Amino acid sequence: MDIIHLLPDSVANQIAAGEVIQRPASCLKELVENSLDAGAKRIQVIVRDAGRTLLQVIDDGSGMSEMDARLAFERHATSKIREAQDLFSLRTMGFRGEALASICAVAQVEMTTRRAEDETGTLLEIHGSDVVRQEPCVCPVGTNIKVSNLFFNVPVRRKFLKSDQTELRNLLTEFYHIVLVYPKVNFTFVHNDEIVLELPAGTEKQRIEAVFGNPKRNVFTSAFVDVNTETEIVSIRGFVVKPENATRKAEQYFFVNGRYMRHGYFLKAVQTAYSGMLPNDYQPSFFIYFDINPEAIDVNIHPTKTEIKFADEQTIFQILLAAVREALGKFAMPTSLDFDAPNIEMPLPGEKPVSRPQVAVDPNYNPFHTRSVIYPDKAPQKWETLYEGLKTTEYNIPNTDYEVHSADILQPENIENCSLWQYGGKYILVPSPNGIMLVNQHRAHVAILRSQYIEQLGLMQGAKQQLLFPEVLEMTQDDMVLMKQILPDLHAIGFDIEQLSPDSYSIQGVPSQLADQSPLPVLQHIIAKVRERGADTQQEWREQIAQSMAESTAIPYGKTLTETEMRDLLKRLTHLPQYRRTADGKIIVSLMTDEEINRRF
Ligand code: ADP
Ligand code: MG
């Protein structure tokens with residue numbers, strides 16, 4: 001008996017749908033991109049239950065003829081390319097003709113559409129690839145697609161969806177990626193009957209401001225500088241944050257030819273341009289738009305991928321680096337690009353960003369000019385800014401030879417009686433039977449505090465201190481969603497926070513450990529961590545909250561410690577189940593062996 005048979009279309013479509021439509025956010029992306037491809041000037045997104053029950057996109061674009069409306073839902077039906085050749089000169093967002101076929105395979109879709117030249121429109125209803133209704137209808141010019149009960153026929157996928165909060169955040173993230181490149185299009189985003197974002201048509205700046213800033217205070221205009229470079233290979237425009245306005249929570253966006261992209265290598269270029277200018281943990285915010293000949297990039301890797309390959313990444317790296325530096329006023333306008341400049345640190349594409357001594361530091365910039373690192377006896381105002389240099393020049397020693405292996409070396413008994421020294425405001429030196437142990441004081445303290453905070457979160461008993469003057473934390477809509485999710489845990493650790501308006505929280509009390517630190521950067525750091533790590537379960541985000549709180553409250557580099565303080569720190573460290581490395585694998589305790597020391601003489 002023959003055993004091979006063709007799958008029915010509906011099954012094949014369902015399988016393929018898994019590739020393109022993974023969650024409500026990917027469905028939203030496809031629908032909105034179609035509207036944009038159809039030349040819409042006004043796009044409304046209506047969502048219910050984070051897209052689980054309803055995802056609706058209404059546009060005023062070209063609309064479709066009766067025939068096209070029906071064809072649109074067939075696999076590989078597209079009006080955007082005709083031959084393989086066209087793939088290399090893509091300017092539209094979609095081109096595979098897979099999205100609608102995929103969506104209607106896993107949802108109940110109702111669409112009305114009309115072209116300007118037609119008197120009547122077409123109504124089409126499709127349930128799991130089956131057309132259940134098609135008839136003429138009265139409707140405005142444009143297209144209105146309603147996707148209901150996504151994954152109704154794929155229970156596994158439905159189960160795989162995350163909490164509503166997370167899916168809504170994903171929807172908004174996807175939405176941002178699009179609205180930031182189409183400032184001339186009017187967008188509205190409605191969730192459960194509430195208008196979440198209303199974005200009138202305007203300039204790029206106004207759009208960014210409308211999404212991330214507070215238009216009333218003009219935050220954006222004063223906090224950012226323009227980037228602008230035209231070369232034969234690429235044109236780069238956009239905005240980068242002034243170093244003094246950088247925060248711990250950065251908004252970092254690259255776009256190429258009207259498409260959002262991630263690009264670790266180009267990110268490195270921007271970071272390099274800022275080297276030596278930002279405090280520890282701070283990241284530059286930027287919105288950078290590349291315009292490049294479509295033939296020099298390859299977007300056809302995967303429909304859901306946001307990574308894009310460029311033909312000449314190293315040259316673009318240099319151009320980008322120079323452009324951002326110029327914008328930051330760090331260097332005079334370069335008349336020509338000097339590719340042999342010795343001071344440009346340029347990793348190769350694909351190279352992992354490793355911490356190592358920076359060679360691209362502005363020679364005139366000295367974060368330590370006000371004081372000595374070795375004798376930090378006068379209390380500085382801002383530790384982190386004074387010691388930022390230390391962080392960037394920190395050696396990560398991957399070689400495990402330097403790591404302390406035998407657990408019995410750093411024993412509470414040993415610590416009790418030996419002398420301890422502090423070196424460089426950074427390390428505690430501990431004599432041990434086999435050599436000298438070096439303990440990174442900041443990392444040690446972070447590890448100790450992290451475990452304390454995790455415990456506090458479990459017991460819900462963070463100590464609180466009321467603020468004399470409440471502070472206001474303004475946030476973007478996606479962070480508001482995240483905030484709601486982690487709020488009970490922020491309360492548990494000692495924050496007293498209440499929602500003040502649709503886009504702000506008022507902070508009335510802080511964990512007592514924060515003492516007189518401003519709570520805003522600390523909260524921004526927490527949000528950035530939770531977001532970055534994609535912490536999705538309570539345990540995951542609690543770990544991020546604990547880690548972030550620990551980093552904010554640990555003794556900084558440069559702080560002089562008394563012998564008692566050092567001893568106390570080491571004792572607490574040895575009580576941790578895992579004290580030799582941090583949670584993210586960095587070395588806390590390192591041994592310089594007798595042998596190594598003797599070899600030097
Ligand atoms: P693709 O966008 O890759 O061509 P889709 O499955 O997303 O494939 O859409 C199929 C076709 O349906 C498009 O090529 C376009 O002609 C038509 N279409 C889809 N959405 C719209 C819309 N909102 N307005 C006008 N035409 C649309
Ligand atoms: Mg499409």
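First listed ligand is number 1; within each ligand, the first listed atom is number 1. Everything quoted here is computed from the prediction, not taken from an experiment. Starting from 1, each residue takes its place in the sequence as its number.
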Ligand 1 to A38, heavy atom cutoff 4.0 Å, flagged ligand atoms 24 (N), 25 (C)
Region of D59 engaging ligand 1 - heavy atom pairs below 4.0 Å: side chain
Ligand-side contact atoms (ligand 1) for residue partner A99, heavy atom cut-off under 4.0 Å: 6 (O), 7 (O)
Min over R115, M111, M64 of heavy-atom distance to atom 18 (N) of ligand 1 lands on M64
Taking it one step at a time, do Y265 and F310 satisfy ring pair (Phe, Tyr, Trp, His ring centres under 6.0 Å)? CA-CA 11 Å; Y265 184 54; F310 287 67; 10.0 Å; no
So which heavy atom on A50 is nearest to which on L171, and how close? O-CD1, 3.5 Å
Looking only at distances, can you tell me whether any N or O atom of D37, backbone or side chain, sits closer than 3.5 Å to an N or O atom of ligand 1? no
Select one of side chain, backbone, both or neither to describe which atoms of T143 lie under 4.0 Å from any atom of ligand 1, heavy atoms only. side chain
Contact (N/O only, under 3.5 Å) between I145 and ligand 1: no
Aromatic ring centroids of F187 and F175 under 6.0 Å? yes
Decide yes or no on ring pair (Phe, Tyr, Trp, His ring centres under 6.0 Å) for F290 and F266, but give the supporting numbers first. CA-CA 11 Å; F290 294 84; F266 292 167; 5.4 Å; yes
Should F287 and F212 be marked as a ring pair (Phe, Tyr, Trp, His ring centres under 6.0 Å) after you check the CA-CA gap, both sets of side-chain angles, and the distance that decides it? CA-CA 11 Å; F287 302 88; F212 297 104; 5.4 Å; yes
What I want to know is whether S62 and ligand 1 share at least one N or O pair that is separated by under 3.5 angstrom. no
Between L180 and Y289, what is the shortest heavy-atom contact and its length? O-OH, 2.9 Å
